[in-house]
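In what follows, chains are A, B, ... by sequence order, proteins preceding strands, each numbered from 1.
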There are 2 protein chains.
Amino acid sequence: MGKQMTEMLKGTLEGIVLAILSGRSAYGYEITAWLRDQGFSDIAEGTVYALLVRIEKRGLVDVEKVPSEKGPPRKVYSLNAQGREYLEEFWRTWSFLAERIEQLRTGGR
Amino acid sequence: MGKQMTEMLKGTLEGIVLAILSGRSAYGYEITAWLRDQGFSDIAEGTVYALLVRIEKRGLVDVEKVPSEKGPPRKVYSLNAQGREYLEEFWRTWSFLAERIEQLRTGGR
DNA sequence: GCAAGTATTCAGTGTTACTATGTACCAGTA
DNA sequence: TACTGGTACATAGTAACACTGAATACTTGC
């Protein structure tokens with residue numbers, strides 16, 4: 001992946017994953033596959049798992065272990081109340097940033 | 001500044017500064033003041049200067065020392081050809097990311 | 001002399017995504 | 001049995017970047 005994208009994902013990837021989980025619960029492998037499908041072609045699996053551990057430790061998600069037909073048990077994550085609150089704040093931060101940057105693109109200066 | 005904003009600025013602040021410089025040349029103190037004016041209330045001065053050193057080392061900007069009426073000489077930065085190219089790529093990367101995130105916000109899933 | 005505004009620099013810290021690898025479970029097949 | 005491949009998670013070490021908290025330097029005005 002481009003170096004620019006790598007740096008830009010810092011701070012946004014977390015929000016992306018939380019946004020995914022706000023729609024429905026999911027497990028790591030699934031999230032990684034979905035991201036790749038969306039064009040984030042080379043997001044490392046390790047990255048997603050590390051992120052999930054992080055947001056779990058912060059108490060933004062609830063976790064449930066679910067047996068899989070093929071392979072080891074899945075850790076299914078779902079957004080809890082605190083996570084939803086955090087996601088709200090993510091959207092506010094994102095909106096602010098996106099607006100300024102969009103202005104810079106069109107307005108120059 | 002919020003922790004989320006701090007993390008989100010990684011990778012984007014560089015593009016923001018390059019975009020500013022694409023409009024006209026400027027020096028560090030001026031850029032910091034402008035950013036604060038735009039609502040990036042607590043961007044540390046040190047951050048901007050470190051960034052300027054970085055993009056100078058990468059050869060994205062030209063530098064000229066200009067005496068100031070008040071205070072030490074200014075280092076005035078201006079975007080060169082390589083910088084313009086890099087900025088182009090920044091816009092592409094940003095657009096890609098912004099589109100996916102916007103989809104997530106409106107589409108859910 | 002001293003404070004305040006202008007202007008730059010730098011050492012040390014925390015957070016985050018990446019690389020690379022390892023573990024574990026199951027199905028199919030030779 | 002042994003081997004391959006897909007599914008699923010975990011982790012140690014690295015690089016990049018913004019922040020904190022200084023220090024330095026030049027000028028004007030009290």
Side-chain angles (χ1 to χ4, degrees), chain A residues 1-18 25-36 40-58 60-61 63-77 86 90 93 97, chain B residues 1-18 25-36 40-58 60-61 63-77 86 90 93 97:
Chain A
M1 195 152 31
K3 197 174 139 300
Q4 282 193 344
M5 183 57 92
T6 291
E7 289 309 319
M8 241 182 252
L9 281 176
K10 294 187 183 177
T12 52
L13 184 56
E14 188 178 288
I16 291 172
V17 169
L18 290 177
S25 39
Y27 54 98
Y29 193 83
E30 193 184 3
I31 294 172
T32 305
W34 187 87
L35 286 171
R36 294 205 167 137
F40 297 100
S41 42
D42 325 286
I43 286 199
E45 281 199 82
T47 297
V48 175
Y49 287 114
L51 193 157
L52 289 171
V53 167
R54 230 154 47 222
I55 62 179
E56 183 187 352
K57 272 189 187 154
R58 283 202 217 130
L60 306 179
V61 287
V63 190
E64 198 190 351
K65 249 195 172 122
V66 177
S68 162
E69 323 82 55
K70 24 173 42 183
R74 299 165 173 165
K75 281 179 74 176
V76 176
Y77 295 84
Y86 191 84
F90 170 79
T93 308
L97 186 60
Chain B
M1 192 153 34
K3 197 173 140 301
Q4 281 194 348
M5 183 57 93
T6 291
E7 290 308 319
M8 234 182 259
L9 281 176
K10 291 187 181 177
T12 53
L13 183 57
E14 189 177 290
I16 291 172
V17 170
L18 291 176
S25 40
Y27 54 98
Y29 193 83
E30 193 184 5
I31 294 173
T32 305
W34 187 88
L35 286 171
R36 295 207 166 135
F40 296 100
S41 44
D42 324 287
I43 285 199
E45 284 199 81
T47 298
V48 174
Y49 287 113
L51 192 157
L52 289 171
V53 167
R54 227 153 49 221
I55 62 178
E56 182 187 352
K57 272 187 187 154
R58 282 202 218 131
L60 307 179
V61 287
V63 189
E64 197 190 353
K65 251 198 171 118
V66 177
S68 162
E69 322 83 54
K70 21 172 49 185
R74 297 166 173 164
K75 282 179 73 177
V76 176
Y77 295 83
Y86 191 85
F90 169 79
T93 307
L97 187 60

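B/L51 has its CG atom 16 Å from the P atom of D/dT20, to the nearest Å. Going from atom NZ of A/K10 over to atom C1' of C/dC18 covers 9 Å, rounded to whole Å. The NZ atom of B/K65 sits 9 Å away from the C1' atom of C/dT8 (whole-angstrom rounding). Distance, A/E45 CD to D/dT7 C1': 9 Å, rounded to whole Å. To the nearest angstrom, P of D/dA18 lies 7 Å from CD of B/E14. The separation between A/F40 atom CZ and C/dA17 atom P is 12 Å, rounded to whole Å. In this structure, NZ of B/K57 is placed 11 Å from P of C/dT9, rounded to the nearest angstrom. Taking atom CD1 of residue A/I16 and atom C1' of nucleotide C/dA17, one finds them 12 Å apart after rounding to whole Å.
Exactly one of A/E64, A/R74, A/K65 qualifies for a side chain to side chain donor-acceptor pair (under 3.5 Å) with A/Y27. That residue is A/R74.
Note on B/L13: only backbone sugar-phosphate atoms sit closer than 4.0 angstrom, heavy atoms only; bases stay farther off. Base engagement by A/G46 is indicated by at least one non-hydrogen atom pair under 4.0 Å involving a base atom.
Taking for each of A/G11 and B/Y29 the nucleotide of DNA chain C with the nearest heavy atom, the 5'-most of the two is the partner of B/Y29. Where A/A50 and A/E69 meet DNA chain D, the nucleotide closest to each residue was compared, and A/E69 sits on the side nearer the 5' end.
OP1 or OP2 of C/dT9 sits under 4.0 Å from a side-chain N or O of B/K75. Using a 4.0 Å cut-off, some side-chain N or O of B/Y27 falls inside it from OP1 or OP2 of C/dA7. Residue A/S68 places at least one side-chain N or O closer than 4.0 Å to OP1 or OP2 of D/dA8. Contact between the side-chain N/O atoms of A/R74 and the OP1/OP2 oxygens of C/dC26 is not found at any separation under 4.0 Å. Between B/R54 and D/dA16, a side-chain N or O to OP1/OP2 separation shorter than 4.0 Å is absent. Contact annotation: B/Y49 reaches the phosphate of C/dT8 (side-chain N/O to OP1 or OP2, under 4.0 Å). Look at A/T6 and you won't find any side-chain N or O under 4.0 angstrom from OP1 or OP2 of C/dA17.
Between the side chain of B/K3 and the base of C/dT15, no donor-acceptor pair under 3.5 Å is found. Within 3.5 Å, no donor on the side chain of A/K70 pairs with an acceptor on the base of D/dA8, nor the reverse.
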